[in-house]
Amino acid sequence: MFVSRSMTRRVITVGPEKTVFEAQDLMAANGIRHLPVIDANRRLIGIVTDRDIRSAVPYHFIRDSCSPEQRDQICALTVKDIMTKDPLSISPTYTIQDALLMIQNSRVGALPVVDDDGKLSGILSVRDLLRAFINVLGIGEPGTLLCILVKEKVGQLKKIVDAITEENISFGSVLVARYWDSNKRAVFTYLLTQNVARVKKKLINLGFTLLDPMEWYLDQLPKNEPSGKSTE
């Protein structure tokens with residue numbers, strides 16, 4: 001899936017000469033946390049986040065405890081004074097997998113989407129990515145997630161798919177993840193049914209081990225060897 005299919009096209013933007021408080025009002029009115037900054041030709045020149053604004057407008061200013069001179073200085077701040085210049089951006093022809101890695105590695109909450117001329121086409125936020133992956137994985141429909149431990153060899157995934165389809169069960173998605181044992185993989189199948197007792201028993205009889213998906217960690221692989229048993 002390409003970024004162009006998942007990005008938000010109607011982007012709220014701001015000009016570099018707007019005040020910090022005007023940018024803050026835009027964010028509050030539209031319920032957003034990122035404002036791309038564009039020039040008169042709609043070229044991306046920066047980005048402002050809610051964190052930038054919080055850093056620029058200290059809490060004691062809101063409490064009216066600063067001097068008139070300090071208030072004047074803060075009120076005179078413009079977007080160009082606090083924005084991140086030449087921010088990280090992404091092309092609409094990139095995939096959402098590319099975008100996910102960029103956001104993870106750069107630790108940003110959104111990526112402006114720009115065309116070959118540097119003009120803003122949209123914005124891709126973490127929320128947009130979540131929506132895209134929910135659609136890709138089919139988890140918007142009721143179903144059951146199974147986690148199946150398999151040996152790292154050709155044909156294992158086919159055996160799983162065949163066993164499930166023989167039960168006339170439809171797939172929402174199938175994902176393969178690494179496991180702490182390099183000779184094994186964890187296969188996550190999202191099945192569009194909640195009646196999985198028969199297929200779980202069938203998979204165990206085929207020699208597969210079922211793990212509890214709720215005990216799987218994104219940042220920490222299982223430390224203990226699974227028991228090989230499954231609860232139905």
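What you see is a predicted model; the values in this text were computed from it and never measured.
In Asn205, the CG atom is crowded: over 12 heavy atoms of neighbouring residues, nucleotides or ligands sit closer than 6.0 Å. Counting heavy atoms of neighbouring residues, nucleotides and ligands inside a 6.0 Å radius, atom CZ of Arg33 does not exceed 12 of them. With a 6.0 Å radius and a threshold of 12 heavy atoms from other residues, nucleotides or ligands, Phe133 has its CZ atom above the threshold. In the displayed structure, Gln104 atom CD is contacted under 6.0 Å by at most 12 heavy atoms of other residues, nucleotides or ligands. More than 12 heavy atoms of other residues, nucleotides or ligands shown are found within 6.0 angstrom of NZ on Lys202.
With hydrogens and angles ignored, the 3.5 Å screen pairs a side-chain donor or acceptor of Thr165 with a backbone N or O of Asp162. Side chain of Arg9 to backbone of Ser4: a donor-acceptor contact under 3.5 angstrom is found. Side-chain atoms of Asp39 come within 3.5 Å of backbone N or O of Asn41 as a donor-acceptor pair. For the pair Asp81 (side chain) and Thr78 (backbone), a donor-acceptor distance under 3.5 Å is present. Not a single donor-acceptor pair under 3.5 Å links the side chain of Asp117 to the backbone N or O of Lys119. The closest donor-acceptor contact from the side chain of Tyr94 to the backbone of Val113 lies at 3.5 Å or more, if one exists at all. Side-chain N or O atoms of Thr144 include one that pairs as donor or acceptor with a backbone N or O of Thr193 at under 3.5 Å.
The two atoms that bring Ser6 and Met1 nearest to each other are OG-SD, 3.2 Å, heavy atoms only. The shortest non-hydrogen separation linking Tyr190 to Glu141 is OH-O, 2.7 Å. Contact record, Pro36 with Leu120: CB-CD2, 3.9 Å, taken as the closest heavy-atom pair. Residue Val199 comes nearest to Leu146 through the heavy atom pair CG1-CD1, 4.3 Å, listed as atom of the first residue, atom of the second, then distance.
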Stepwise side-chain contact (heavy atoms from CB on, under 4.5 Å) test for Glu22 and Val14: CA-CA 9 Å; Glu22 288 175 313; Val14 68; 6.0 Å; no
Evaluation steps, side-chain contact (heavy atoms from CB on, under 4.5 Å), between Leu191 and Phe171: CA-CA 5 Å; Leu191 308 181; Phe171 286 86; 3.8 Å; yes
Working for side-chain contact (heavy atoms from CB on, under 4.5 Å), residues Ile38 and Val11: CA-CA 11 Å; Ile38 58 173; Val11 188; over 6 Å; no
Verdict with reasoning, His34 to Ser125, per side-chain contact (heavy atoms from CB on, under 4.5 Å): CA-CA 9 Å; His34 303 83; Ser125 67; 5.6 Å; no
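Of the N and O atoms on the side chains of Thr95 and Asp98, at least one donor lies less than 3.5 Å from an acceptor on the other residue.
Summarising the geometry, atom CZ belonging to Arg51 is positioned 13.0 Å from atom CD1 belonging to Ile82; distances are rounded to the nearest 0.5 Å. Atom CG of residue Leu149 and atom CZ of residue Arg185 lie 10.5 Å apart, to the nearest 0.5 angstrom. Here the CG-CG distance, from Leu100 to Leu124, works out to 9.5 Å after rounding to the nearest 0.5 Å.
Under the 4.5 Å side-chain heavy-atom criterion for ILVMFWY residues, no single connected hydrophobic cluster contains both Leu44 and Val37. If you chain together hydrophobic residues whose side chains sit under 4.5 Å apart, Val176 and Val161 fall into the same group. Note on Val79: it clusters hydrophobically with Val20, by side-chain heavy-atom contacts below 4.5 Å among ILVMFWY residues. The cluster map of Ile, Leu, Val, Met, Phe, Trp and Tyr, joined by side-chain heavy atoms under 4.5 Å apart, puts Leu35 and Leu77 in the same cluster.
Under the 4.0 Å criterion applied to side-chain N and carboxylate O atoms, Asp128 and Arg131 are assigned as salt-bridge partners.
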